[in-house]
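For reference, the structure discussed in these notes is given below.
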Amino acid sequence: MLKTPAYAAAHAGAALAPYTIERREPGPHDVLIDILYCGVCHSDLHQARDEWGGAIFPMVPGHEIIGRVSRVGAEVTKLAVGDLAGVGCVVDSCRECEVCRRDLEQFCEKGSALTYNSTEMDRKTPTYGGYSTRIVVAEHFALKIPAGLDPAGAAPLLCAGITTYSPLRQYGCKKGDRVAVVGLGGLGHMAVKLAASMGAEVTLLSTSPAKEADARRLGAHAFAVTKDEATFTKLAGRFDLIIDTVSAPHDYNKYLGTLRVGGSMVLVGVPPEPTPVGAMGLIWGNKRLAGSGIGGIAETQEMLDYCAAHGIVSDVEIIPIQQINRAYERLLAGDVRYRFVIDLASLAQPAA
Ligand code: NAP
Ligand code: ZN
Ligand code: ZN
């Protein structure tokens, strides 16, 4: 086993603190990745505080992982020692069921092995995420990071990038579409960049008036404040597609009113509390309210290649791991521009 320094939450809501985990020795189809950077997703915070229920502790969060391959198993063909590789939200699945064969490994019928707060497919061995110095993963679940992508800026693509790219593709986002992005955080700022790169006319719907200049710099053509009720009347019937990235409870019904006939609202944000939805707001206008969960491995690779071709990475604030608890507080306060990324070189240093 490979003793590996990490940061873990010992129980729900505990401050993250130094912790040592063991990674398996790489098998014939595994790669060992020395982690350079790991993005901080709001899902890390939801789970470290057990806001979705059923969390497994001690928990080492982190599913936006970029690192350098340092060892490969004898059968590995996809990656070589020295390559830059990524790991997202899923580290294994059965790879045989109908869903896995459709390249939707995250929804494996047998239950996928998530990168942390989950177990390996043996359903016993806990998985630990990227707030650590290295990870061992089956090559199928490691992504190739195309040349030209800045490693720190590319880390958030592994979750924030794919989670917003996938619904834009599923709903056929194209030139001239009117797309609204709700919430300008980690996912939201990727949704703005990606939708704008696909030629959409992007409107950012935000609770934070101070984010307007950033929204426009990131590619939004319009900006509206959702605390102002007049916004919903002004924008009634406007959008083909809404990507809702908000992490806290809010009233979906108001946003449905801003869809045009036949429009779709896709939830990617996961507020811990449910929100009632009125049927008539969907019926009158043939509207759709849908969800989308990360993306499969093939689509994640497609997204990385797309981002390399279009020069898209995340806007990041790099932090040492010793600042992770403070970063969670800032995330809760909406004070992130626009993704914290941990520099894992800091984990070799003594805790502050
Ligand atoms: P984040 O960086 O914290 O951004 C969330 C944004 O939501 C905030 O910046 C804020 O934007 C807005 N917001 C926060 N509280 C709000 C409130 N009370 N009312 C309205 N807006 C509010 O979080 P993230 O990392 O992007 O993650 C967003 C959500 O997506 C989380 O729930 C996360 O768990 C979920 N997620 C889902 C998937 C999936 O597969 N579906 C994958 C990854 C993450 P403004 O200041 O602009 O209002
Ligand atoms: Zn995430
Ligand atoms: Zn499967």
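First listed ligand is number 1; within each ligand, the first listed atom is number 1. Counting from 1, the numbers follow the sequence of the chain as shown.
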Taking distance alone, with N or O pairs closer than 3.5 Å, would you say [X] contacts ligand 1?
| X | value |
| --- | --- |
| Leu184 | yes |
| Gly293 | no |
| Tyr338 | no |
| Leu187 | yes |
| Val270 | yes |

What residue and atom, counting heavy atoms only, is the protein's closest point to [atom], and at what distance?
| atom | value |
| --- | --- |
| atom 9 (O) of ligand 1 | Lys211 NZ, 3.3 Å |
| atom 35 (C) of ligand 1 | Val268 O, 3.6 Å |
| atom 15 (N) of ligand 1 | Ala248 CB, 3.7 Å |
| atom 19 (N) of ligand 1 | Thr207 CG2, 3.8 Å |
| atom 4 (O) of ligand 1 | Gly185 CA, 3.3 Å |
| atom 31 (C) of ligand 1 | His46 NE2, 3.4 Å |
| atom 2 (O) of ligand 1 | Gly186 N, 2.8 Å |
| atom 25 (O) of ligand 1 | Arg339 NH1, 2.6 Å |

Which angle, to 10 degrees, forms at the Zn ion (ligand 2) with SG of Cys159 on one side and NE2 of His63 on the other?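 Rounding to the nearest 10 degrees gives 110°.
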Any donor-acceptor pair under 3.5 Å linking the side chain of Glu201 with the backbone of His221? no
What pair of heavy atoms forms the shortest contact from [X] to [Y], and how long is it?
| X | Y | result |
| --- | --- | --- |
| Gln322 | Ser346 | NE2-O, 3.1 Å |
| Gly219 | Ala196 | O-CB, 3.7 Å |
| Thr119 | Arg123 | OG1-CA, 3.3 Å |
| Ala55 | Asn117 | CA-OD1, 3.3 Å |
| Leu143 | Thr300 | CG-CG2, 3.8 Å |

At a non-hydrogen distance cut-off of under 4.0 Å, which region of [X] contacts ligand 1 (side chain, backbone, both, or neither)?
| X | result |
| --- | --- |
| Cys89 | neither |
| Trp52 | side chain |
| His42 | both |
| Ser43 | both |
| Val246 | both |

Do [X] and [Y] have a side chain donor and acceptor closer than 3.5 Å?
| X | Y | value |
| --- | --- | --- |
| Arg24 | Thr125 | no |
| Asp44 | Tyr116 | yes |
| His189 | Ser314 | yes |

Under 4.0 angstrom from ligand 1, any heavy atom of Gln106? no
Sub-4.0 Å heavy-atom contact, Ser292 with ligand 1: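 Yes; Ser292 lies near enough to ligand 1 that a heavy-atom distance drops under 4.0 Å.
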Report the member of Ser247, Gly183, Ser208 with the shortest heavy-atom distance to atom 14 (C) of ligand 1.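 Looking at heavy atoms only, Ser247 sits closest to atom 14 (C) of ligand 1.
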Where the closest heavy atom to atom 30 (O) of ligand 1 is concerned, which of Pro272, Ser166, Gly88, Gly269 has it?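 Looking at heavy atoms only, the winner is Gly269.
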Which word best sums up how the rings of His310 and Tyr306 line up, parallel for under 30°, tilted for 30 to 60°, or perpendicular for over 60°?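 Parallel: the ring planes of His310 and Tyr306 meet at under 30°.
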Aromatic plane relationship, Tyr255 with Phe232 - under 30° parallel, 30 to 60° tilted, over 60° perpendicular: perpendicular
Is the closest side-chain heavy-atom distance between Glu25 and Asp30 below 4.5 Å?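 In short, these two side chains do not touch, never coming nearer than 4.5 Å.
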Taking N, O or S atoms only and a limit of 2.8 Å, check whether Cys41 reaches the Zn ion (ligand 2).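 Yes, Cys41 qualifies, because one of its backbone or side-chain N, O or S atoms lies under 2.8 Å.
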Going by the side chain to side chain donor-acceptor pair (under 3.5 Å) test, name the single residue among Arg339, Arg337, Lys193 that passes it with Asp315.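 The passing option is Lys193.
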Give the atoms of ligand 1, by number and element, whose distance to some non-hydrogen atom of [X] is under 4.0 Å.
| X | result |
| --- | --- |
| Ser206 | 45 (P), 46 (O), 47 (O), 48 (O) |
| Cys159 | 42 (C), 43 (C) |
| Ile294 | 39 (C), 40 (O) |

Atom SG in Cys159, atom NE2 in His63: separation rounded to 0.5 Å? 3.5 Å
Around atom CH2 of Trp52, are there more than 12 heavy atoms from other residues, nucleotides or ligands closer than 6.0 Å?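 Yes, the 6.0 Å shell around CH2 holds more than 12 heavy atoms from other groups.
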Passing option when Leu218 is tested against Val181, Leu184, Val202 for side-chain contact (heavy atoms from CB on, under 4.5 Å): Leu184
The residue among Ile65, Val87, Ile66 that forms side-chain contact (heavy atoms from CB on, under 4.5 Å) with Leu158 is Ile66
Between SG of Cys94 and SG of Cys100, what angle is found at the Zn ion (ligand 3), rounded to 10 degrees? 120°
Give, rounded to 10 degrees, the angle between SG (Cys108) and SG (Cys97) as seen from the Zn ion (ligand 3). 120°
